[in-house]
Structure formats: C-alpha cells, structure tokens
Amino acid sequence: MLRLLFLQIFVLNLLVAVPSSLEFSRDDFPPDFIFGSGTSAYQVSGGSSKREDGRTPSIWDTYADAGKAHGATGDVACDGYHKYREDVQLMVDIGLDAYRFSISWSRLIPNGRGPINPRGLQYYNNLINELVSHGIQPHVTLHNYDHPQALEDEYGGWVSRKIVRDFPEYAGVCFREFGDRVSFWTTINEPNAFMLGGYDLGFLPPQRCSPPYGYCSRGNSPSEPYIAAHNILLAHASAARLYKKKYQDKQHGMIGLSIYMWWFIPLTDTKEDAIATQRANAFHYGWFLNPLVFGDYPNIMKQSVGTRMPAFTNQESKLVKGSFDFIGVLHCTNIYVKHNSNSPKMENRDVFMDAEIELTVIEDSSSAFELPIMPWCLQAVLEYLKQDYGNPPIYIYENGQRMQRNSTLNDIARVNFMHAYIGGVLDALRNGSNTRGYFVWAFLDLFELLDGYISSYGINYVDLDDPDLKRYPKFSAKWYSKFLKGRSINLDEAIELEKNTSSLSHSHFQ
Ligand SMILES: *[C@@H]1O[C@H](CO)[C@@H](O)[C@H](O)[C@H]1NC(C)=O
Ligand SMILES: *[C@@H]1O[C@H](CO)[C@@H](O)[C@H](O)[C@H]1NC(C)=O
C-alpha cells in the first residue's frame, strides 16, 4: 500500500514538475520531423520581381501600388529575386531542413494562362537547384493571395468558374517543370482568411465586397465568398487529381492545402457562446475541411446560408473528397467567440452573420505588438484536427512572433514564443498528433500583408536603409540554429548568454 502510494506520487510529480514543453531537444522529435522557415513571393521577392523579366502584376501589386498597404509595397521587399543565393547560404548556416516559399503565378505565366515566361521559369529553377544542392527541402505554395491581375480583369478571378480550369493548368506547369526536385506542394494558402479579407469585408485584394460589410467598387459579400471558396476547392481538387494521376508515382511527393487556424474560445461560459464556437469552427475550418475530408460542406453552413451556398454535384464531391495528402496549418493566436443573433434577413447576410458570431481579440495590454504566448492553443488546434478530421498529416507552415520592426536584434520575445510553441508541438506529437513539420514565420523581415514594414516576424533582420539590403541573424535565428544542431536548450541560459554577447544588437540599434 505504501509503495503504491509512493509510486503514484512519483508519477504525478513527473507530470507536474517536468512538462516536456520546458526542457527538450531536437532528439525528442521523430528523426524525420522537418524544421524550416518560410516566406512568400510578393512579400520577399521584390520590385525587381514586379515587371522585371516579364512578370505582370498580381492583385497584390495593384492594391499596394494604389497606396492601400500603409503606403508600402513589395516593389523592393527583401530583393529575394536577386539575393536567393545569399539567402540559401543563411538557411544552411542556421541549419534549416526546409524552406517554404511561394511561386508568383504571374511571374511564371504572365497572362495567367498560356505561354510560360522563360525568365520566370529560370528563376524558380535556380532557386530550387540552390536549395536542393544545399540539402534544403523546398516546400512550395502555388497561390498566396496573389492571382494574376490579368485574370481578375478578364473574368473576376476566383469568382469565375473559368479559374477552375486555369489554376490546375498553372499547377501542372509547376509539377512538370519542378516536381523532380519539389516533393511538397500546397495549392492554396489559407483560403479561409483570403475569403474574409478579399471577398466579404473587402479590405484586402481583390477588394470585392458590398455594404454594409465593406465599401468596394464591386463584389457581393453575401454570395461571393461562398462562390470563390467553391471554385478554390474545385481548382485545388483538380490540381491534386492531376498531380496524383500524372506525377505522384514518379515524383513521390505530397500535395495539400493550408488553413489559417485561430483557436476559437467562447467569450463567456454561457451555452450560447459554446454553441457559437462550434459554428465558428464550422464556418472557418469546416467550410474547407469538411469537403476535403467528407465531400460536402458542414450541415450547419448549408442550413444557414441556404441557396447562396453552392452545392457539390456527386462528381464534384468525389473529386474534392480525399484530395489532399496533408493539411498545412497556419497558427499564431486565439480569438474569442460571442453568439450574435442580430442577423438581417437571410439573403443579405455575410459569412459572420450567417455564422451568427462576433469575434473579439483580447489584446495583451503589456504590448500591443507582440502576440500572447499560448502554445496550448496550437495544441488544441492539432487535437481538433486529430479528433474531428481523422488526424491527417500536418505541416505547421506558419507560426511566429510579431514584433516592431527595427526594435532589436535581441528578440528574446520571439525566442520565448518559438520555444513555447515548439514545446507545445512536441506535447501534441506525444499525444498522437500526426504533425510532420514546423516552419517558423518568417525567414526574413519581409513585407507583411497586414502591416507593410511596420511589424516584422523575421528571424533575420533586413536593413532596408542599406542599398544592399544586408541580412543580420537575430537572436532567434541563433537560438533556432542551436536547437536544430541538436544542442540541448536551456532557455534561461541561452538568454543570459545572448545578453552578454550580442554586441551587434547594441551597436546596430539605438
Ligand atoms: C490527448 O489525446 C486524447 C485522445 O485523443 C484526448 O482525449 C486528450 O484530450 C488529448 N489531450 C490533450 C491535452 O490534447
Ligand atoms: C527602421 O530604422 C531605419 C533606420 O535604421 C529607419 O529609416 C526606418 O524608418 C525604421 N523603420 C521603422 C518602421 O521604424
């Protein structure tokens, strides 16, 4: 009896005193677990990329050129277009397994369909060869909010069924030209956030919306987000089918789609808010995940949206269902859900009204800039995908800490964030999550889609005042490097060491 009691206490102590999330090393992860970092085309490639070498504008060029992105543009950004060799060397120095980037559709196929731009093709071949020859695995996204302006002008981009033919054709060019060296394809990045920003509220390109949800020159908030999402699902599934039929046997890669995932938390402990949180999940994640996993939209959505919700034919349902090898997860923070029943009549609701929810971000008052560190929210997201969607293979493609640009090279807040979230991922793995990789956002201080150059998430600083745009590894890059090179990490020691040795951070700032 005594012995039993002792054992129980011992086990409990172990669980309480040494949570895996505090003390861990890379060896605690499965040997084939991938660690990387990422960027996207418009955010990093630069002005040289814009019309130089045959590229045409994407919807992001149009939007930023009109001064709508805090007056900033990606015209220069980090000039990744010319500096890719240097950047790959930096990845090697840090010890990244993988690099996630996106292809600019309008660089590769300037008119959106038809002739390939040979210089665009050459650039992506150069970048991919540089990565592969240095042992860095490319993870490629085909669409990151940036379809060609030519297709927006011609037929309204994603609101037209025509794109369901053009997107897979573009994807097919990428599989054919790059698939011998690229094994990880994401068709569309976070379409759920794209729909809300670009088609419902309309504050992001292509700025389609209608009052009272937003004030745009064209669009229809009650219907277009659903139509565009339907076309995205069909275009994704057609591209995936092409890959699986024609390339996968030879190229042995995987294809998937990425979703932006907050963790939704009921604002109050009322039953209404608990049920509203389930609706939030259905309207934000189920919208895409249910068709991909089960072949149809969630029932709650179909009931609430009614005839504005496009329906899948049997054939389409079969095409979409199971059309993925992995799900990409982008996660930074949590958000609170409140039940809202003040909905207008059914035909004039937008997505939030259909869901009868209001979302609230509760700012951590200690810093308006930095995100709260809540790794359990990411764990909850992974647990939700495990329980509700059959535990698919997952790549965490974006997770990172926002800080004021220029604030410091000594970004301890970012190290704290990464340390906590990587530990959280380890806990989720130990509880059965099928997560296969973690990519910190972002590799460089780049053009942020919501903030321009005001904030940054980079583990490497880019000096925008230097004509050469020199890169400086921050403390977070050095910390990540130590972790990736297998050294055991004690966070407090690392921070002490950095405080005493980081001379660059003092001479370079303030
Ligand atoms: C761990 O997994 C089990 C079984 O799926 C689940 O019931 C439990 O809630 C999970 N724990 C956490 C912390 O996610
Ligand atoms: C960053 O610092 C440079 C000077 O080093 C300055 O020109 C630039 O405006 C700063 N940017 C921000 C967003 O503070």
Side-chain angles (χ1 to χ4, degrees), residues 7-35 192 256 258-271 273-282 284-286 288-290 292-294 298 322 324-337 362 364 371-401 416-440 489 491:
L7 257 182
Q8 260 177 354
I9 290 168
F10 180 72
V11 170
L12 274 177
N13 270 344
L14 262 186
L15 289 176
V16 174
V18 195
S20 54
S21 56
L22 289 184
E23 202 76 53
F24 59 85
S25 80
R26 184 178 188 159
D27 289 341
D28 294 318
F29 287 80
D32 53 356
F33 192 92
I34 294 295
F35 284 97
N192 54 336
S258 293
I259 311 277
Y260 185 84
M261 298 188 77
W262 291 289
W263 180 240
F264 289 124
I265 301 171
L267 184 66
T268 69
D269 56 11
T270 58
K271 195 161 173 232
D273 285 355
I275 296 171
T277 302
Q278 290 172 7
R279 286 197 306 275
N281 284 330
H284 288 267
Y285 314 136
F288 292 90
L289 291 174
N290 277 46
L292 291 173
V293 176
F294 308 117
F324 66 97
D325 300 313
F326 67 87
I327 297 295
V329 167
L330 300 93
H331 170 85
C332 282
T333 187
N334 59 315
I335 199 159
Y336 291 88
V337 182
I362 297 181
D364 169 6
L371 299 169
I373 297 179
M374 301 170 96
W376 58 270
C377 290
L378 177 55
Q379 281 170 257
V381 161
L382 299 176
E383 187 62 27
Y384 166 73
L385 290 168
K386 178 176 127 194
Q387 292 193 8
D388 286 26
Y389 293 101
N391 207 15
I394 287 167
Y395 286 90
I396 296 164
Y397 269 152
E398 288 185 21
N399 174 241
Q401 177 60 290
N416 281 327
F417 185 99
M418 289 169 69
H419 183 266
Y421 280 82
I422 292 173
V425 171
L426 181 58
D427 285 347
L429 283 175
R430 287 177 169 160
N431 203 38
S433 167
N434 198 1
T435 302
R436 310 274 180 95
Y438 174 91
F439 290 65
V440 65
I489 300 286
L491 189 60

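Every number for a ligand or one of its atoms is a count from 1 in the order of the listing.
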Honestly, for Gln379 the part within reach of ligand 1 (heavy atoms, under 4.0 Å) is neither

State yes or no: are the ring centers of His284 and Tyr260 separated by less than 6.0 Å?
no

Looking at atom 6 (C) of ligand 1, what's its closest protein heavy atom, distance included?
Glu383 OE2, 3.4 Å

Between Glu383 and Gln387, a side-chain donor and acceptor under 3.5 Å
yes

Please check this pair: side chain of Tyr285 against backbone of Trp262, looking for a donor-acceptor N/O pair closer than 3.5 Å.
yes

Decide whether the shortest distance between a heavy atom of Gln387 and an atom of ligand 1 is less than 4.0 Å.
yes

Any luck finding a side-chain donor-acceptor pair between Tyr389 and Asn290 under 3.5 Å?
yes

heavy-atom search around atom 11 (N) of ligand 1 in the protein gives Asn431 ND2, 2.8 Å

Between the side chain of Asn391 and the main-chain N/O of Asn434, is any donor-acceptor distance below 3.5 Å?
yes

In the protein, what heavy atom is nearest to atom 4 (C) of ligand 1, and what distance, to one decimal place, separates them?
Lys386 NZ, 3.9 Å

